[in-house]
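Every chain is numbered from 1, with letters handed out A, B, ... down the list of sequences.
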There are 2 protein chains.
Amino acid sequence: MSQATVARVFSSPDKVAPATREKVRAAADRLGYVPNAIARSLKAQRTDIVGAIVPAFGEYWQHVLTLFSRQLTERRKQLLLFSFAEPSQVNDVLETVARYRLDGLIAASASIGPAQLARIEQLAMPTVAFNQPAAAGLVPSVTVDNEAGSQALAAHIVDRGARSAIFVGGIASTSTDQQRYRGAVAELGTHGVACRYVEAGAFSYEAGYKIAQHLADDVDDRADAILVGSDEVAFGVVDGLRERGIEAPRDVLLTGFDGLPQASWVGYDLTTLEQPVELLVEHALTRLLDDGHASESTDVVVPGTIRQGRTTNA
Amino acid sequence: MSQATVARVFSSPDKVAPATREKVRAAADRLGYVPNAIARSLKAQRTDIVGAIVPAFGEYWQHVLTLFSRQLTERRKQLLLFSFAEPSQVNDVLETVARYRLDGLIAASASIGPAQLARIEQLAMPTVAFNQPAAAGLVPSVTVDNEAGSQALAAHIVDRGARSAIFVGGIASTSTDQQRYRGAVAELGTHGVACRYVEAGAFSYEAGYKIAQHLADDVDDRADAILVGSDEVAFGVVDGLRERGIEAPRDVLLTGFDGLPQASWVGYDLTTLEQPVELLVEHALTRLLDDGHASESTDVVVPGTIRQGRTTNA
DNA sequence: TGCATCGATGACTACGTAGTCATAAGGTCG
DNA sequence: CGACCTTATGACTACGTAGTCATCGATGCA
């Protein structure tokens, strides 16, 4: 047996005579031999690994990651996770990413700014920005239609009789927040409904909970409807308002954004814009792995659908 | 400049004269050179990557994974994710795992049976079974103290006046279910309280929701308390019962197990056994990466603490 | 029987790094 | 000022694979 034959048995078995193949297989079993993917990657210049740069927190990202992992497994690829707790860590993370010659990179975080995107560009690694509108034009991107989604939600609450509204965002400087707010304002404007922006300070349950109590205490400034920029924050808002005796939809109409599984939980039953996450992930991976030619438009925007929950049942 | 000098600049900079170092750095910047981690791994027989085999579903695993990723990032290691939707996929996954020469492997799923653990053993890869009691003795493991936790919860509800109880598990054949049920039965037994086991059929919100409605409809078989084997199922149970007009703690005492973030959300405010997940993860990684000598006991069991929520506020 | 063809296999090499050893340049001290 | 030591650098090799090319035996056909 030569090393070459063994290699063939594991990489292109049909090029080896069946008898030899079996002998090699048996010997491998006996000796506990397993092909070395590292060496294979070095030689083949292909790792079968896709990297993902994501924030270390947040229900939404956990949910998305799970889907990426599932779909990658189906394609016989692995997911290498690069998570970061602080935006300041992103640069370090990028340098680490650069060292692994990944087959593709998923950039999923508002903390990845233009400078970082430029660095990614340099790496000459197939990249997709996932739900990060600010990256559009700089890097191929796949995004849910934030503006249209927000417009739909706004139209929905106007339809339910809202004459005043507040938009609760997570972090004002993020492009998702801006797009979602803009969509809401645009639609509400055509109906003569004003909409103030309020910043919760984070994309977290706790931030939503706190800001809701402030809103509740500020009696001068009640609104018919509260549009929350993301589901996780919305859950906090729902609970914070409840704490003050304000219940949706009785006292206020309330919507989220994202369509997390928990939004369907009966305890919240939130009206929200459901992202077609499976589809988004599929688009992202197609773009990353199958494409090659940038023939099609590099920025994909996929519409979401309204999930009608109890919180806007007038 | 020789290749050797360049290598030194990136792996042990202090062995290179400052002037040379800067020249190399500058040239690298100019040419876009980045060290190749794949080649490095091949040579060094060390990948700086830790693998994790986890189910593709479930809030709990998402939560744990996030923590692993965070702690690994601090140790300058990466997390390579191997997720599977069906238990039948585990064998395939294991073969893939074997090919990557990982620095360590986290086996976290009840679907990894003795046969699979034996295979893992063969790989001669540092391994830790995470919250998978059945692996104890076969592979080093880190687990929360399921029995003691369940006992504590049982004592708690007895203290709150429960005279009858039901245990709602996810999947009866899993070792976590069994340990948690056993703990409950043991403690309740000493107080003369019977405790039936009911299987939800999955570790999911939906399973809990459905089983709760069955329980509610079975009027002959009401109990003072329901001990649910995991938080995610418990959320479903809470909502399923509410749907039938049964509210905790008014009509029944209710507890979960795990201590997910959502348990603290005011909407549920669940009494549950909080796992010290940070600590568990730390133990797991220490065992995996720092240890080397199996001097200390290989099976670590860490106690949890009760989180007192509204659902047992008699 | 001789020649062309084809399938199976082996020898060899490159992928990019890190460690070993050798070598050259500079510095110290008697 | 020379023997010795230190520091910086280069040449070389192995890690385990896959692809290229060469080799060899068998088969088919005239």
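Proximity note for A:Ala4 (side chain, C-beta onward) versus D:dA18, D:dG19, D:dG16: the nearest is D:dG19. Nearest to the side-chain atoms of B:Ala39 among the listed nucleotides D:dG16, D:dG10, C:dG16 stands C:dG16. In this structure, of D:dT9, D:dG16, C:dT17, it is D:dT9 that holds the atom nearest to the side chain of B:Val16.
The separation between B:Ile38 atom CD1 and C:dG16 atom P is 12 Å, rounded to whole Å. Protein atom CZ of B:Arg99 is 14 Å distant from nucleotide atom C1' of D:dA18, rounded to whole Å. Taking atom CZ of A:Arg101 as the reference point, atom P of C:dG16 lies 8 Å away to the nearest angstrom. Between B:Leu42 atom CG and C:dG16 atom P there is a gap of 12 Å when expressed in whole angstrom units. One can place CG of A:Leu31 at 14 Å from P of D:dG16, the figure rounded to the nearest angstrom. In this structure, A:Arg46 places its CZ atom 14 Å from C1' of C:dC15, rounding to the nearest Å. Atom CG of A:Asp14 is separated from atom P of D:dA18 by 14 Å (rounded to the nearest Å). Straight-line distance from the NZ atom of A:Lys43 to the C1' atom of D:dA18: 5 Å, rounded to whole Å.
Here the side chains of A:Phe203 and A:Asp177 are in contact, with some heavy-atom distance below 4.5 Å.
Distances shorter than 4.0 Å separate some side-chain N or O of B:Thr5 from OP1 or OP2 on D:dG10. Within the 4.0 Å cut-off from OP1 or OP2 of C:dT9, at least one side-chain nitrogen or oxygen of A:Thr20 is found. Close to D:dG16, at under 4.0 Å from its OP1 or OP2, lies no side-chain N or O of B:Tyr100.
Checked by distance alone, B:Arg8 brings a side-chain donor or acceptor within 3.5 Å of a matching partner on the base of D:dG10.
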**Message:** As a quick check of understanding, evaluate side chain to side chain contact (heavy atoms under 4.5 Å, CB included) for B:Thr73 and A:Ser83, giving each step before the final call.
**Reply:** CA-CA 7 Å; B:Thr73 301; A:Ser83 73; 3.9 Å; yes
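Across all strands, A:Ala17 comes closer than 4.0 Å only to sugar-phosphate atoms, never to a base (heavy-atom distances). Nucleic acid contact for B:Gln3: base, since at least one base atom lies under 4.0 Å from a heavy atom of the residue.
Taking the centre of each ring, B:Tyr33 and B:Phe10 come in below the 6.0 Å mark.
Pairing each heavy atom of A:Gln132 with each of A:Ser175, the nearest pair is C-OG, 4.4 Å.
None of B:Leu102, B:Leu72, B:Asp103 except one satisfies the side-chain contact (heavy atoms from CB on, under 4.5 Å) rule with B:Asp48; the exception is B:Asp103.
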